[in-house]
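Computed over heavy atoms, backbone and side chain alike; hydrogens, waters and symmetry mates excluded. Numbers restart at 1 for each chain; the letters A, B, ... are given by sequence-line order, proteins then strands.
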Amino acid sequence: MKSSIEGSNPSDSVPPTGELGTKAPRSPFRFPTPSRPMPAVRVRFAPSPTGYLHVGGARTALFNWLYARKTGGTMVLRIEDTDQERSTEAHTQVILDGLTWLGITWDEGPYFQAEAGPKHKADAEQLLGEGKAYRCFCTKAELDAAREAAERAKSSFRYDGRCGRLSAAEVQGRLDRGEPFSVRLRMPDEEIAWEDAVHGRISFQGRDLDDFIILRSDGTPIYNLAVVSDDIAMRITHVIRGDDHVSNTPKQIALYRAFGQPTPVFAHVPMILGNDGKKLSKRHGATAVGDYQNQGILPLAMRNFLALLGWSPGGDREVLPEPEMIALFSLEGIQKKAAVFDTTKLEWMNGQYLSALPAADLLPPVTRHLAEVGVSTEGRDLAALVDAVKVRSRTLLDIAHQVAVRVDGSRVTRDAKGDALVAKLGDAFPGNLRLVLGVLEGAEWTAPALEAAVKALAEAEGKKLGDLMQPIRVALTGGTVSEPVNELLAVVGRDESLARIRRAAGL
RNA sequence: GCCGCUAUCGUCUAGAGGCCUAGGACACAGCCCUCUCAAGGCUGGAACACGGGUUCGAAUCCCGUUAGCGGUACCA
């Protein structure tokens, strides 16, 4: 569970200059010191606290974390709470808890973006002073009207940069009159391209982008400015984030250029889809990490499953212990295509962990789930109970349910298959149970002895072993599925087992 | 509309020009094991979106088509 930073290999790190292919004239001093030491990797996970921790966000966090651990770099956590309307402290806590649950740790932060407001504003003013940005006096209403008109005329709207051509005197005049203004970045007419670590080269043309707003008329920053300003300040070298940000990237690169800063390496990871191929959302069921925790998924299994969703270690590996996951991780191994979230495979993965983990590791969550359903295991060997049922379980909830049935006779309810067996055996059902009772009452209550006793009975009576064992199983659990019957008897205990058999036999 | 991204079994993926008669995993079906189920083992069905190139040779490279997704805000 503890992350192993030791053994990670920093030689895998990539120099953080992903930008390339600019058609604009290049400065000969662009790469002044080729021999400069390679900066240490710094990545960040930057969620917005406007809801729970979504599985997509969790996976983005996981990839950042894996990359940091792999390269010996630093993981910083930044809460992007500039949307004061929707951001809440409770959401922040849920996100932090979700990451912690998954075993995703961070080395710096959490930083809160809203606290950097004054710096964002100062950065915008710096650009204003250098003529790389300009004041725009167009109002929201005017802009909306223009956009609507363009839409009606079936042509595309792009801000024409008219305020960028205002004379100094004109600007001063409007300022003197106290007109409100936003700040826009001058978008240069040049190619903006970068070598994306997962997609390869991606290219946009500056002329296709308009002079976008970086500072609202109330002086607060727009997302793209805040992100770039913070990423520069935090010396982020690798931006690993969702695919939905690729169209923001050229705008952000324009900002890096305006600030005269090198761009980080960008790695855009694909989306996670629901089973209908649409973006994963609430109507697909559980999308919050916390939901899976409540459904009895182990954090290790969740993390393993998430890692394999959109990333492949390259071979046929499925169950990956943490050290291997870190050692094998690479940005190049990330898939370009969106992936469908397959709950069935998640549960299979969870079953793998359930089977492999010692019962002791499962005790705390199982105890919690048992408490939720009101079952006490006071004075019982819970580890033995868990061991008895865990290989047949896919979730911790399954385990808790099965343990509950073994501990508390009042929870035995006959299921459809149990009913079918009773119907099939007819009189032999109570009859065989009475026979069994006869030998069990005098038997030594250990699994091997119980097995021997029932087998001897079957032989003596000329009955099939299954016709003796299955009724016991139904008597003790209500169903036809369980661990071997002798072990079941041992786990349920002598008095309780005999009582359940008597009841089922109608005695 | 415009800009960008993507395209291998139902799903997750391997595959970086010949090793591909396209491999593995989940799911599904059958068999084995067995007191049931699970696990495990074996077997089976199941995919390179389409069309053009390039090449002695293409799932792999190029172009186009189609489809899906993302963006196109004084949201993040």
Side-chain angles (χ1 to χ4, degrees), chain A residues 46-48 50 80-83 85-87 113 136 138-140 143-144 147 150-151 154-159 180-184 196 199 202-205 207-210 212-224 226-227 242-251 268 270-271 273 275 277-279 305 308-319 332 335-349 351-352 355 389-394 417 421 451 454-455 458 464-474 477 479-486 488:
Chain A
S48 180
T50 53
E80 307 215 322
D81 56 348
T82 50
D83 185 344
E85 307 269 287
R86 296 188 297 150
S87 300
Q113 186 164 59
C136 176
C138 300
T139 65
K140 181 103 165 54
L143 260 14
D144 287 346
R147 205 178 339 262
E151 204 157 308
K154 289 217 179 267
S155 68
S156 62
F157 173 79
R158 185 174 313 135
Y159 182 67
F181 61 87
S182 61
V183 176
R184 286 183 186 267
D196 195 277
H199 292 275
I202 298 180
S203 161
F204 286 80
Q205 294 299 328
R207 75 180 75 94
D208 291 331
L209 279 4
D210 55 6
F212 64 98
I213 291 175
I214 57 176
L215 207 64
R216 295 188 185 91
S217 39
D218 67 359
T220 59
I222 287 295
Y223 171 73
N224 282 313
V227 166
D243 237 353
D244 46 341
H245 286 290
V246 326
S247 41
N248 281 323
T249 305
K251 295 180 181 177
H268 288 100
M271 306 273 85
L273 274 21
N275 50 17
K278 301 282 185 210
K279 191 173 172 182
F305 174 75
L308 259 27
L309 201 60
W311 169 71
S312 167
D316 294 336
R317 305 296 307 274
E318 297 287 340
V319 178
E332 292 69 31
Q335 194 77 11
K336 295 182 176 75
K337 188 183 58 163
V340 173
F341 192 94
D342 182 359
T343 315
T344 308
K345 187 159 183 178
L346 202 214
E347 290 188 352
W348 167 79
M349 180 71 77
Q352 293 291 307
S355 298
V389 304
K390 73 187 176 76
V391 295
R392 255 168 306 275
S393 304
R394 290 211 148 186
K417 290 205 173 153
L421 184 88
E451 182 177 13
V454 178
K455 277 190 171 161
K464 286 198 293 184
L465 190 55
D467 286 343
L468 260 28
M469 293 293 198
Q470 281 296 70
I472 301 175
R473 181 135 41 208
V474 171
T477 68
T480 59
V481 174
S482 83
E483 63 271 44
V485 166
N486 59 323
L488 176 65

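- For the P atom pair drawn from rU60(B) and rA49(B), the interatomic distance equals 8 Å after rounding to whole Å.
- The interatomic distance linking Lys464(A) (NZ) with rU34(B) (C1') rounds to 13 Å, in whole Å.
- When the C1' atom of rC5(B) is taken as reference, atom NZ of Lys336(A) falls 11 Å away, rounded to whole Å.
- Rounded to a whole angstrom, the distance from the P atom of rG30(B) to that of rG45(B) is 15 Å.
- Judged as a side-chain hydrogen bond (donor to acceptor under 3.5 Å, both in side chains), and not counting sequence neighbours, the contacts of Arg473(A) are Gln470(A), Ser482(A).
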Which nucleotides of nucleotides 8-15 of chain B have their base under 4.0 Å from a protein heavy atom (B), which only their sugar-phosphate (S), and which neither (-), written as one string 5' to 3'? S--SBSS-

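- Between the C1' atom of rU6(B) and the CD1 atom of Ile202(A) lies a distance of 11 Å, rounded to the nearest Å.
- Pairing partner, rU72(B): rG1(B), with both Watson-Crick or wobble hydrogen-bond distances short of 3.5 Å.
- Residues satisfying the salt bridge (charged side-chain N to carboxylate O under 4.0 Å, His left out) criterion with Lys417(A), sequence neighbours excluded, are absent altogether.
- Base pairing of rC26(B): its partner is rG10(B), meeting the Watson-Crick or G-U wobble criterion (both donor-acceptor distances under 3.5 Å).
- If you measure from atom CG of Leu209(A) to atom C1' of rG70(B), you get 14 Å, rounded to the nearest angstrom.
- Across rA25(B) and rU66(B), the matching C1' atoms stand 31 Å from one another, rounded to whole Å.
- rU65(B) is paired with rA49(B) under the criterion used here, namely a Watson-Crick or G-U wobble arrangement in which both key atom distances are under 3.5 Å.
- Side-chain N/O atoms of Arg473(A) and base N/O atoms of rC35(B) include a donor-acceptor pair closer than 3.5 Å.
- Note that OG of Ser312(A) and CD of Glu332(A) are 13.0 Å apart. Values are rounded to the nearest 0.5 Å.
- Applying the side-chain contact (heavy atoms from CB on, under 4.5 Å) criterion to Ser48(A), with sequence neighbours excluded, gives Thr50(A).
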Atom pairs under 3.5 Å, N or O on each side, protein against nucleotides 38-43 of chain B: can you list them with distances?
{"residue": "rA38(B)", "atom": "O2'", "partner": "Val391(A)", "partner atom": "O", "Å": "2.7"}

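- Summarising the geometry, the separation between CZ on Phe204(A) and P on rG4(B) is reported as 7 Å, rounded to the nearest angstrom.
- Every side-chain contact (heavy atoms from CB on, under 4.5 Å) that Leu273(A) has, sequence neighbours left out, goes to Met271(A), Ala338(A), Val340(A).
- The P atoms of rC75(B) and rA16(B) are separated by 47 Å, rounded to the nearest whole Å.
- At least one side-chain heavy atom of Leu308(A) sits less than 4.5 Å from a side-chain heavy atom of Pro313(A).
- Asp467(A) is linked by a side-chain contact (heavy atoms from CB on, under 4.5 Å) to Leu425(A), Asn432(A), Lys464(A), counting only residues two or more places apart in sequence or in another chain.
- A straight line from CD of Gln470(A) to P of rC37(B) spans 8 Å, rounded to a whole angstrom.
- Using atom C1' as the reference point in both rC5(B) and rG52(B), the two lie 23 Å apart (nearest Å).
- For the pair Asp243(A) CG and rG4(B) P, the computed distance is 15 Å after rounding to whole Å.
- A distance of 10.0 Å separates OG in Ser217(A) from NZ in Lys140(A), rounded to the nearest 0.5 Å.
- Without hydrogens or angle criteria, Asn248(A) side chain to Asn224(A) main chain gives no donor-acceptor distance under 3.5 Å.
- Pairing for rA39(B) is absent, with no Watson-Crick or G-U wobble pair whose two atom distances lie under 3.5 Å.
- Under the rule for a side-chain contact (heavy atoms from CB on, under 4.5 Å), the partners of Asp342(A) that lie at least two apart in sequence or sit in another chain are Thr344(A), Lys345(A).
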Nucleotide by nucleotide, nucleotides 71-76 of chain B touches protein heavy atoms under 4.0 Å in the pattern (B base, S sugar-phosphate only, - none) S-SBSB

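- For Phe341(A), the ring-ring contact (aromatic ring centres under 6.0 Å, His included) test picks out Tyr292(A), Phe305(A), with sequence neighbours left out.
- For the P atom pair drawn from rC19(B) and rA59(B), the interatomic distance equals 9 Å after rounding to whole Å.
- In this view, His245(A) and Tyr223(A) satisfy the ring-ring contact (aromatic ring centres under 6.0 Å, His included) rule, not counting sequence neighbours.
- When the C1' atom is used for both rU13(B) and rA47(B), the distance is 12 Å, rounded to whole Å.
- Base pairing analysis places rC56(B) opposite rG18(B); the two distances defining the Watson-Crick or G-U wobble pair are each below 3.5 Å.
- With sequence neighbours left out, the side-chain hydrogen bond (donor to acceptor under 3.5 Å, both in side chains) criterion links Lys279(A) to no other residue.
- Pairing partner, rC33(B): none, since no Watson-Crick or wobble contact has both distances short of 3.5 Å.
- The CZ-P distance, from Arg158(A) to rC3(B), rounds to 9 Å in whole Å.
- Residue His199(A) has a polar side-chain atom (N or O) positioned under 4.0 Å from OP1 or OP2 of rU6(B).
- Panel note: side chain Asn486(A), backbone Glu451(A); no donor-acceptor pair is recorded below 3.5 Å.
- rU8(B) sits 13 Å from rG24(B) when the C1' atoms are compared, rounded to a whole Å.
- As judged by a 4.0 angstrom heavy-atom cut-off over every strand, Thr344(A) is placed among residues touching the sugar-phosphate backbone only.
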